[in-house]
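Taking it in order: structure first as structure tokens, then the write-up.
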Amino acid sequence: MIATPPRLPQLLLSALGARPEFRAAVLGDMAEEYYMRLETQGKYAAHAWYVDEAYRTAPHLILDGMKNLGIRGIAHVVGAGLKAYASIAVIAIALFPFVMLLPHGITQPGASTTFVTGLPVTLLGGYLAARFGRRAPLLSSAALGVFWATINAAALLVALERMPGLGMPAWYHVAAPALILAGTALGGIFQIARRRSA
Amino acid sequence: MDERTLGNLELTVLLAVGRLGDNAYGLAVRRDVSERTRREYSVGAIYTTLQRLEDKGFVTSHASEPVAKRGGRSRRQFRVSATGRRALERARRMTASVWTNFGSPVPESI
């Protein structure tokens, strides 16, 4: 089987909102160098180079995407994130009574449960944001993630201050925003991959 | 007179485009720049610089025919424009001017 550049980095680089000609030139150069390295250094070295190069090149594609988007485009990205957040809020409100019915509330075992049930919700949020923000799907998912994680962190701080006896475990303060950011990004990637394969 | 200035990397990339002539596309420019500066620039960094040079009017670009080993994508070929040539000339004069009356090698006394 003929080796090809790793698909996930390609997918991510394609979804950062850069202008099509800029993106095609960058991905074309990376593919060309990948095949050169494949011949001279072998598959694993070529793959490793591609992944490392994708990591170094991503900020440039994001910057080009931001320039390309302009004010209206950024409004589109933010709007997509907020629209997805509103959709998720409806689901969260519907789920809230069930979370409160858990035997331990949001204490150690309850937090774990909330964490596990929260993962599919964040994935769905990221998926919806990418779907709403088609011009820059991954940026839209990221916008949702940042907004959501900020709201979540603020809500946790308020809850701690007003209800000191809540018994919320310390790990939850770090893990919850991390879950939101990772989950929304993964949801966005899933939506992009699904659209590509359709 | 066009007074748009060139940064260090812009100057290096613009010189590489001029040197490479008809073969000036991202990958070749990146190799040339990395060899001369002994620094490994990312593909994105080179294209961002090329894009900036194009926005300033120092280079022009066009897409080649699709190339199989690029996954069917075109190469973006660059050429130094007349404005770019004037900018290079200005940069050369400026460099020569700032080194005027300065000893070589750099004097120990400074």
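Order of the sequence lines sets the chain letters (A, B, ...), proteins ahead of strands, with each chain counted from 1.
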(request) Let me see the working for Q10(A) and Y34(A) under side-chain hydrogen bond (donor to acceptor under 3.5 Å, both in side chains), right down to the final yes or no. (result) CA-CA 12 Å; Q10(A) 276 192 79; Y34(A) 171 84; over 6 Å; no

(request) Determine the option with the most heavy-atom pairs under 4.5 angstrom with chain A, choosing from Q51(B), E40(B), K69(B). (result) K69(B)

(message) Please classify the contact of E33(A) with chain B as side chain, backbone, both or neither, using a heavy-atom distance under 4.5 Å.
(response) both

(request) Name the region of L63(A), side chain, backbone, both or neither, that has any atom closer than 4.5 Å to a heavy atom of chain B. (result) neither

(message) Less than 4.5 Å to any heavy atom of chain A: does that hold for the side chain of R31(B), its backbone, both, or neither?
(response) side chain

(message) Between R70(B) and chain A, with a heavy-atom cut-off of 4.5 Å, which part of the residue counts as in contact: side chain, backbone, both or neither?
(response) both

(message) Within the structure provided, determine whether V59(B) and L14(B) are in side-chain contact (heavy-atom separation under 4.5 Å).
(response) yes

(message) Would you call the rings of Y127(A) and F190(A) parallel, tilted or perpendicular, taking 30° and 60° as the class edges?
(response) tilted

(message) Check the orientation of Y47(B) and F22(A). Use parallel for under 30°, tilted for 30 to 60°, and perpendicular for over 60°.
(response) perpendicular

(request) Mind running salt bridge (charged side-chain N to carboxylate O under 4.0 Å, His left out) on R79(B) and D22(B) for me, showing each step along the way? (result) CA-CA 8 Å; R79(B) 278 188 87 85; D22(B) 290 340; 3.1 Å; yes

